[in-house]
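In what follows, residues are counted from 1 in the order of the sequence shown. The figures here come from the full heavy-atom set of this structure, side chains too, leaving out hydrogens, waters and symmetry mates.
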Amino acid sequence: MLIITIASNSLASISRTSSLTPLFRCSAPHHRRKSFACPVWSTSFSLCLRSTHRRFSATTTSAAAMADVDAIETNPLLQDFDFPPFDAVTAEHVRPAIRALLKKSESDLDELERSVEPTWSKLVEPLERMTDRLEVVWGIVHHLKAVKDSPELRSAIEEMQPEKVKFDLRLGQSKPLYNAFKAIKESNDWNDLSEARKRIVEKSIKEAVLEGVSLDDEKRERFNEIVQELKRLSEKFSENVLDATKKFERLVTDKKEIEGLPATALGLAAQTAVSKGHENATPENGPWIITLDAPSYLSVMKYCQNRSLREEVFHAYVTRASSDDLDNTEIINQILKLRLEKAQLLGYNNYAEARFMAMKMANVDKAQELIEKLRAAAWGPAKKEVEEIKIFSKKQGAPEADNLTHWDISFWSERLRESKYDINEEELRPYFTLPKVMDGLFSLANMLFGISVEPADGLAPVWHNDVQFYCLKDP
């Protein structure tokens, strides 16, 4: 998923959460200030430029308080930065940083609720400034969890998440802010707002309703309990899937078991074996370790001639987090139950209706109608393709030809494609190396948008040595 944050007319950052290649739009060096109260990748950078810089300060000189101040002063998440300090952040920084930011945000929210006026400059702009730094830091922490997971980081996030959710709920359920947004929409100045600003106001009103602002006290209390529990369950669900994916390892010592795997897949499997303690593993002689990570899993599904191994790996993949201490079954049941109760508290029949309200889609019936149209359009061609694969596999003498199943389709589809077009994915690899692909992508971006992309390694802190950094430049 691409995350694009427009910061100002001359600055923007782009990062891919599942890759190692962030990009940043650079201005000339003498135009870049070195210390911002909000980082340039934030959602309100232009507002930050106009705001007065305020640092965290202490009002007491006790030894304990001074220790807290020292911790804050050295915490990279609480310092001013142009770029996220990915190289400096550790799990021990998370708790004090989030607590400090929550304390400040709560104080800012108290002040905003007291002084709010139904105007853009007195409501939307201060609200954006108020929440920006907390969201940026929380985003940094979660990004690190995604790319550099550890038990310590998980523990810190698990401890701080209820406090973060509690603040988000208080913010979303703020009656003064909700009433101010409604007053803007009902004011005589409404038609003078741009379409973008109207959209922001309308979206804020809708989100407040979906956050429970209109609920009575008893229902709101239960609503908040549900939201907290859903956040916890969702986090646990993801962690179980990740842990189950990492847990599976299939050691192969006989090369006949993985016959058909291309050289790149063998190299990856041998490299994995080395990392797991098999120091003498080689692509040619093994041993090899098959995992459920996408490159390993997909290679087995598409190329491995050993049908039983394909079946074993397929079953391991589709049944991840479904047994033992990583079993997500009850978590799924609880999530479904709580989503339904949450939707009903808001006045909807089911969770889908609430989601469509949030996404401004038509309704459940329209969504099902669209799905049925797609199914009907795809069903005929899909049956034809499966029949073609069956005929081809039978000609090749495959015993499973009359009973092709999930772990057969990808394998025989690839063989059919190779037969029809006389081309192999492995033969294409030399033409699609990473440098060539990146050059092609950046050339296309230049052709379409008139921007140039240049390497800028070393300009920003990174979380891994393999991370590459690029500058986006206007003509």
Does the [X] side chain pair with the main chain of [Y], one donor and one acceptor, at a distance under 3.5 Å?
X	Y	answer
Ser107	Lys103	no
Ser296	Leu292	no
Arg220	Leu215	yes
Asn328	Ser322	no
Asp293	Pro295	no
Asn306	Ser308	yes
Arg310	Cys304	yes
Asn224	Glu221	no
Gln173	Glu211	yes
Ser204	Ile200	yes

Greater than 12 external heavy atoms within 6.0 Å of [X]'s [atom1]:
X	atom1	value
Gln228	CD	yes
Lys198	NZ	yes
Glu369	CD	yes
Lys246	NZ	yes
Lys337	NZ	no

**Cationic tip of Arg415 above Phe411 ring, under 6.0 Å, 45° of axis** =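 Relative to the ring axis of Phe411, which defines the angle, Arg415 lies inside both limits.
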
Identify the heavy atoms of [X] and [Y] that sit nearest to each other, and give their distance.
X	Y	answer
Ser155	Arg95	OG-NH2, 3.1 Å
Ile184	Trp120	CD1-N, 4.3 Å
Phe83	Pro461	CB-CD, 3.8 Å
Met130	Leu112	SD-CD2, 4.5 Å

If we count only N and O atoms by modelled type, under 3.5 Å, do the side chains of [X] and [Y] hold a donor and an acceptor together?
X	Y	value
Gln368	Glu372	no
Asp189	Ser187	no
Glu426	Tyr303	no

Pairwise side-chain contact, [X] with [Y], heavy-atom cut-off 4.5 Å (strictly under):
X	Y	result
Lys148	Leu153	no
Lys342	Leu230	yes
Phe181	Val201	yes
Glu388	Leu416	yes

**Message:** One thing to verify: whether Arg232 and Glu235 come together as a salt bridge, which I'm taking to mean a side-chain N less than 4.0 angstrom from a carboxylate O.
**Reply:**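 No salt bridge links Glu235 with Arg232.
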
**Prompt:** Between Glu425 and Arg417, is there a salt bridge with N-O shorter than 4.0 Å?
**Reply:**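 Looking at Arg417 and Glu425, the cut-off is met.
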
Parallel, tilted or perpendicular: which one describes the rings of [X] and [Y], with boundaries at 30° and 60°?
X	Y	answer
Phe314	His406	parallel
His315	Trp407	tilted
Tyr317	Tyr297	parallel

**Request:** List the steps and the verdict of salt bridge (charged side-chain N to carboxylate O under 4.0 Å, His left out) for Arg114 and Glu111.
**Result:** CA-CA 5 Å; Arg114 283 193 297 267; Glu111 176 60 30; 2.9 Å; yes

